[in-house]
Amino acid sequence: MKRFLLWIIGVILGVVVLLGAVMAVSYSFTGEGSRPEAAAQFGGQELEVNGSCWQVPLVGGVLDKVFAEPETLSVQKLGVLYDAHPALTTPDWATYTTLTIQSADGAPLFTGSASEYDSFLFPANGEYKAQMTVWRLPAGGLVTRFEGGSNGAVRKNSGLEHPAKPSGWYSFSFRFTLQASANVELSAERVEQGGIVGVAITGMVGETAPTVETDLGSVQCTRSPSGWRAYIPAAYNASAGAHDVTLTVNGEVLTKTLTVLPKDFGTAEVEAEPAPTEAANTEFRNSIWPLYEQPAQEKLWSGGFVCPAEDYLVLLDFGQIKITNGQQGSKSNSTKLYTIPGDPARAPANGTVAFAGNLALTGSTVVIDHGCGMRSYLYGLQTLSVTRGQTVEKGQAVGALGEELTMDFKLGSKSVNPWLLFQTSGGLFWRENG
């Protein structure tokens with residue numbers, strides 16, 4: 001029995017020595033190359049590490065080897081960047097990033113994550129300094145719980161990952177000169193009457209919205225992830241031919257030319273309607289006209305619009321010349337549909353209800369603001385089920401249809417062809433997410 005116990009003790013000691021040897025070998029042969037690559041870029045340039053701390057798990061996470069480099073005062077010089085929003089690229093393994101940007105005099109301009117930087121615009125051209133830390137945390141780990149030291153101490157793995165992976169951070173410090181200029185692109189240089197042309201304004205600094213002037217209508221700019229966006233209407237009665245589009249961006253004046261092509265919308269026989277009363281006209285002007293010039297809010301639609309009525313017959317189409325008792329009249333800026341009473345009147349796209357009420361001229365009326373100056377006007381509903389200020393989604397019922405629905409889609413005060421919107425066609429959907 002005594003010999004057996006001695007044998008057991010010997011075996012245990014042997015295993016311990018063997019494990020110790022394995023751990024010692026593993027520890028000694030684990031070098032800095034076991035850390036992930038510090039693959040971070042700013043403005044297309046590779047960033048140099050100026051500090052780090054990594055815990056590399058050994059022997060299945062029984063212990064960690066720590067590689068620590070205290071942050072230095074060195075600052076990488078990137079030189080001149082010509083993009084108003086230099087691209088930030090973080091490593092694939094990154095789970096958490098902090099970025100701080102300062103002006104040349106040290107005033108903080110931005111503090112946030114890499115995703116929050118996507119919507120940041122620099123206030124002006126000039127000198128800037130940035131500090132960034134990129135972390136790889138264990139699954140479920142928090143930055144505040146990370147035990148990365150700076151003295152190379154060996155510490156036990158957190159046990160949050162199986163198998164354990166390296167966790168830690170790299171820091172980067174860099175400075176650069178921003179020298180950007182505005183760039184303007186149109187979705188098309190030629191557009192038929194009733195169409196829409198998208199405008200993308202990139203490469204600019206500052207938060208001041210650009211201005212767009214054209215005789216085609218009032219145009220307002222709203223923010224986009226890469227700068228600013230705007231939409232120019234070519235109304236059903238826009239003059240055919242070349243039109244100047246003048247943009248002012250931070251004092252810089254840029255000019256584009258947009259050519260409007262004539263379109264034959266055809267004719268439609270309509271019955272004579274009694275003239276509205278002056279009181280009805282005044283009520284309509286006071287309730288609806290102010291919406292034409294309301295400040296444009298951010299883009300709310302996504303993808304194509306839907307027709308407010310699912311089942312319908314077109315009585316009078318957009319742009320058609322109205323023929324009454326054999327006499328030619330004006331072109332129609334709206335579309336009149338024969339609909340099934342009681343069917344839901346659908347919101348054409350996501351938006352905010354800008355008006356909901358009954359008007360003597362147009363009956364039960366709903367106006368939905370879809371952003372960027374784009375609004376849909378639905379007239380002649382049987383009942384309403386929304387109120388002003390309410391948020392609606394594409395296809396949501398905003399009321400019940402009557403026997404006839406008149407729908408008018410406007411950019412500002414200019415009516416545009418609704419069928420292009422339903423077909424996801426034209427400049428309204430150009431670079432939709434950019």
Side-chain angles (χ1 to χ4, degrees), residues 192-196 216-219 231-238 263 265-266 268 270 273 276 280-281 283-294 296 300-301 304-309 312-322 329-339 345-382 384 386 388 392 394 398-399 401-423 425-426 428:
E192 283 189 330
Q193 291 171 330
I196 296 172
L216 291 171
S218 176
V219 179
Y231 299 95
I232 301 174
Y236 66 100
N237 57 355
K263 180 176 176 61
F265 293 98
V270 298
E273 297 181 352
N281 283 332
E283 180 189 42
F284 183 84
R285 285 195 297 266
N286 292 339
S287 300
I288 301 300
W289 284 17
L291 300 177
Y292 300 160
E293 304 302 327
Q294 285 290 308
L300 299 177
W301 74 85
F305 287 39
V306 297
C307 184
Y312 58 85
L313 178 67
V314 178
L315 299 176
L316 174 64
D317 209 349
F318 172 85
Q320 286 186 322
I321 298 175
K322 292 178 280 188
S330 60
K331 286 185 176 181
S332 174
N333 68 336
S334 59
T335 301
K336 182 180 290 188
L337 305 177
Y338 179 78
T339 56
R346 305 182 297 179
N350 295 354
T352 303
V353 177
F355 179 87
N358 190 274
L359 300 173
L361 186 65
T362 56
S364 293
T365 298
V366 172
V367 180
I368 303 173
D369 188 338
H370 305 291
C372 301
M374 186 74 218
R375 300 178 183 91
S376 55
Y377 298 76
L378 309 180
Y379 304 125
L381 302 184
Q382 188 178 84
L384 304 177
V386 292
R388 185 193 297 265
V392 295
K394 178 167 66 176
V398 297
L401 295 168
E403 191 171 280
E404 292 182 359
L405 168 71
T406 298
M407 59 182 185
D408 186 7
F409 292 80
K410 293 181 182 292
L411 261 174
S413 63
K414 301 297 183 180
S415 299
V416 295
N417 191 340
W419 306 108
L420 298 178
L421 309 184
F422 304 154
Q423 298 162 8
S425 176
L428 201 67

Hey, what's the ring geometry for Y379 with Y377, parallel, tilted or perpendicular (30° and 60° as the breaks)? tilted
Which class fits the ring pair H370 and F305: parallel under 30°, tilted 30 to 60°, perpendicular over 60°? perpendicular
Are side-chain heavy atoms of [X] and [Y] found at a separation under 4.5 Å?
X    : Y    : result
E283 : N286 : no
F409 : M374 : yes
W301 : L421 : no
L337 : M407 : yes
F355 : I288 : yes

Which residue pairs pass the salt bridge (Lys or Arg N to Asp or Glu O under 4.0 Å) test when at least one of the two sits in residues 366-381, sequence neighbours left out? D369-R375
[X] to [Y] - nearest heavy-atom pair and separation:
X    : Y    : answer
A347 : V392 : CB-CG2, 4.0 Å
A238 : L216 : CB-CD2, 4.0 Å
G351 : I368 : CA-CG2, 3.9 Å
S332 : L316 : OG-CD2, 3.6 Å

Test your reading of the model: is there a side-chain donor-acceptor pair from [X] to the backbone of [Y], 3.5 Å cut-off?
X    : Y    : result
R346 : C307 : yes
K263 : Y236 : no
T339 : G402 : yes
N417 : G195 : no

Result block: side-chain N/O donor-acceptor pairs under 3.5 angstrom for residues 356-367, not counting sequence neighbours:
from, atom 1, to, atom 2, distance (Å)
N358, ND2, S364, OG, 3.4
T362, OG1, T365, OG1, 2.7
T365, OG1, G363, O, 2.9

Partners of R388 by salt bridge (Lys or Arg N to Asp or Glu O under 4.0 Å), sequence neighbours excluded? none
Looking at Y338, I want to see if its OH is surrounded by more than 12 non-hydrogen atoms of other residues, nucleotides or ligands under 6.0 Å. no
